[in-house]
Amino acid sequence: MCHIHFREERSMLRKPLALLFAPALLTLCCTLFCSCAFAADTIKIASIFAKSGQAAGANLHHIQAVRYATDEINKGGGILGKKLELIEYDNQSSPIQAKLAAKKAIKAGVLAVVGASWSDHSIAMAPVLQRAKVPMLSPDSTNPKVTLFGDYIFRACFIDPFQGEVLAKFAVEELGAKTAAMVLCIDSAYSLGLAETFQIHFEKLGGNILGTAEYKQEQTDFTGPLTPLKALHPDVLFIPGHDESGYIVKQAQVVGIQAVLLGGDGWGYRDFYTTGGQEMVKGYYTTHWSK
């Protein structure tokens, strides 16, 4: 289910999707795909997330969830009598490092991989793991390309075509929006894919995209791209980004943009608020869980 949250709900008040489903999904994944290697004393699995770099804050709860799931499964006797042996890899918030981590995991003999989180990272890992026939389970990579690499690649979340359609419908039918502007990260598959879907459905519903602003990952000053959007007077400003969206939200209001602010599930983490999201006057975002 996709939930839309008002900005005052904090991500730490909700249980992460991975924490809710990790034990069951990890057990299922290992049981279905790893029975051929149960001759070993333990079942090696890998966790591939960002421990450093831009995505580290948003990925932390996934790392903790996999540890929790592993402990819970082992306390319950393991899988078919075998304990899980967890190996953690840091993808350093980079698609290249995510790909290299997948190769290291295969070389280490893991039988399943949990990760990644950001779609760019999962897209880099997926073909490597598919070729090796090592199942991969992403908790929240919403770009639809992730699972198109083959039948060993899975996710436990909705995808951007659904998320973008929900946001567009919400903007038009609930907010009464007729116009929108967008702020896109041009080197993020997540941002570009979600923006494309939002635009398609917003325009189908009679809305008009007045303009877009572009930026690159790790950028923190958005005054230049945002300033021209003020003169367009959009009803909503769509910001399909991750933690950097907090900076954009704050700076959009500083330059005088009066639009209602909209975001995707990339907003649902602590760092979004610490980078400026707490300054938002009014805004909404979609996410995977609710409490």
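Cluster annotation: Ile106 and Phe149 are assigned to the same hydrophobic cluster (Ile/Leu/Val/Met/Phe/Trp/Tyr, side-chain heavy-atom contacts under 4.5 Å, transitive). The cluster map of Ile, Leu, Val, Met, Phe, Trp and Tyr, joined by side-chain heavy atoms under 4.5 Å apart, puts Leu100 and Val128 in different clusters. Residues Ile159 and Leu167 are members of separate hydrophobic clusters, defined by side-chain heavy-atom contacts under 4.5 angstrom among Ile, Leu, Val, Met, Phe, Trp and Tyr. Follow the hydrophobic side-chain contacts under 4.5 Å out from Val183 and you reach Leu210 in the same cluster. One hydrophobic cluster holds both Val134 and Ile87 under the rule that ILVMFWY side chains link at heavy-atom gaps under 4.5 Å.
Here Glu165 contributes atom CD and Leu205 contributes atom CG; the two are 8.0 Å apart, rounded to the nearest 0.5 Å. To the nearest 0.5 Å, atoms CD1 (Ile63) and OG (Ser47) are separated by 6.0 Å. The line from NZ of Lys82 to CD1 of Ile73 is 16.0 Å long, rounded to the nearest 0.5 Å. Taken from CE in Met182 to CD in Glu196, the straight-line distance is 9.5 Å, to the nearest 0.5 Å. Atom CG of Leu184 sits about 14.0 Å away from atom NZ of Lys216, to the nearest 0.5 Å. Note: Gln199 CD to Lys204 NZ = 12.5 Å, rounded to the nearest 0.5 Å.
Looking only at distances, a side-chain donor or acceptor of Gln251 sits under 3.5 Å from a matching main-chain atom of Phe222. Using a distance-only test at 3.5 Å, with no hydrogens or angles considered, no donor-acceptor pair links the side chain of Ser141 to the main chain of Ser122. Here the side chain of Glu279 pairs no donor or acceptor atom with the backbone of Lys250 at under 3.5 angstrom. In terms of modelled atom types and a separation under 3.5 Å, the side chain of Gln92 and the main chain of Ser94 share no donor-acceptor contact. Panel note: side chain Ser93, backbone Ala50; no donor-acceptor pair is recorded below 3.5 Å. The backbone N or O of Ala116 sits less than 3.5 Å from a side-chain atom of Ser138, completing a donor-acceptor pair. A side-chain donor-acceptor contact under 3.5 Å links Gln253 to the backbone of Val281. Counting only distance, with no hydrogens or angles, the side chain of Ser191 and the backbone of Asp187 share no donor-acceptor pair below 3.5 Å. In terms of modelled atom types and a separation under 3.5 Å, the side chain of Asp235 and the main chain of Ala180 share no donor-acceptor contact. Looking at Trp267, its side chain does come within 3.5 Å of a backbone N or O of Ile239 through a donor-acceptor pair.
Across every non-hydrogen atom of Phe202 and Ala171, the tightest pair is CE1-CB, 4.2 Å. Scanning both residues, Phe238 and Gly264, for their nearest heavy atoms gives CE1-N, 4.4 Å. In this structure, Asp271 and Ala58 approach most closely via the heavy-atom pair OD2-N, 4.4 Å. Residue Ala105 comes nearest to Val113 through the heavy atom pair CB-CG2, 4.4 Å, listed as atom of the first residue, atom of the second, then distance.
Considering only heavy atoms from C-beta on, Ile257 comes within 4.5 Å of Leu229 through its side chain. Using a 4.5 Å heavy-atom cutoff, the side chains of Leu262 and Leu175 are in contact. Proximity of Phe154 to Thr147: side-chain heavy atoms (C-beta onward) are nowhere separated by under 4.5 Å. Between Leu261 and Lys282 there is no side-chain heavy-atom pair separated by less than 4.5 Å. Side-chain contact between Ser119 and Thr142 is present, with at least one heavy-atom pair separated by less than 4.5 Å. With contacts defined as side-chain heavy-atom distances shorter than 4.5 Å, the pair Arg155/Leu137 does not qualify. By the 4.5 Å heavy-atom criterion applied to side chains, Ile186 and Tyr215 are not counted as neighbours. Within the 4.5 Å cutoff, side-chain heavy atoms of Trp118 are placed close to those of Asn59.
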Worksheet item: Would Ile45 and Thr70 count as a side chain to side chain contact (heavy atoms under 4.5 Å, CB included) if you check the C-alpha gap in whole Å, the side-chain angles of each, and the deciding distance to 0.1 Å?
Response: CA-CA 9 Å; Ile45 60 170; Thr70 302; 3.8 Å; yes
Discussion item. Under the criterion salt bridge (charged side-chain N to carboxylate O under 4.0 Å, His left out), I'd like the reasoning laid out for Lys169 against Glu174: C-alpha separation, chi angles, the key distance, then a yes or no.
Written reply: CA-CA 8 Å; Lys169 187 175 182 179; Glu174 300 295 329; over 6 Å; no
Worksheet item: Is there a side chain to side chain contact (heavy atoms under 4.5 Å, CB included) between Ser188 and Gln217 once you walk through the steps?
Response: CA-CA 7 Å; Ser188 166; Gln217 291 184 27; 3.7 Å; yes
Worksheet item: Stepwise, does the side chain to side chain contact (heavy atoms under 4.5 Å, CB included) test hold for Gln163 with Asp160?
Response: CA-CA 5 Å; Gln163 181 176 199; Asp160 289 331; 3.0 Å; yes
Item to complete: For side chain to side chain contact (heavy atoms under 4.5 Å, CB included), just list the numbers for Arg67 and Glu88, CA-CA rounded to whole Å, side-chain angles, deciding distance to a tenth of an Å, and then say yes or no.
Response: CA-CA 9 Å; Arg67 292 174 184 169; Glu88 296 182 350; 2.6 Å; yes
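Looking at His62, His61, His121 one by one, the single match for ring pair (Phe, Tyr, Trp, His ring centres under 6.0 Å) with Phe49 turns out to be His62. Of the candidates Leu86, Val110, Leu84, Lys44 forms a side chain to side chain contact (heavy atoms under 4.5 Å, CB included) with just one, namely Val110.
Between the side chains of Thr179 and Asn208, no donor-acceptor pair is found at a separation under 3.5 Å. Using modelled atom types and a 3.5 Å distance limit, the side chains of Thr275 and Asp243 yield no donor-acceptor pair. The closest side-chain donor-acceptor pair between Ser52 and Asp90 falls under 3.5 angstrom. Looking only at atom types and distance, the side chain of Thr286 has no donor-acceptor partner in the side chain of Asp265 under 3.5 Å away.
Within a 6.0 Å radius of NZ in Lys51, more than 12 heavy atoms belonging to other residues, nucleotides or ligands are found. Environment of CD1 in Ile96: sparse, with no more than 12 heavy atoms of neighbouring residues, nucleotides or ligands closer than 6.0 Å. Counting heavy atoms of neighbouring residues, nucleotides and ligands inside a 6.0 Å radius, atom CD of Gln258 does not exceed 12 of them.
Ring pair Tyr285/Phe272 is tilted by interplanar angle, where 30° to 60° counts as tilted. Phe158 and Phe162 have tilted rings, their planes meeting at an angle from 30° to 60° on a 0 to 90° scale.
Applying the ring pair (Phe, Tyr, Trp, His ring centres under 6.0 Å) test to Tyr190 and every residue at least two apart in sequence or in another chain returns His242.
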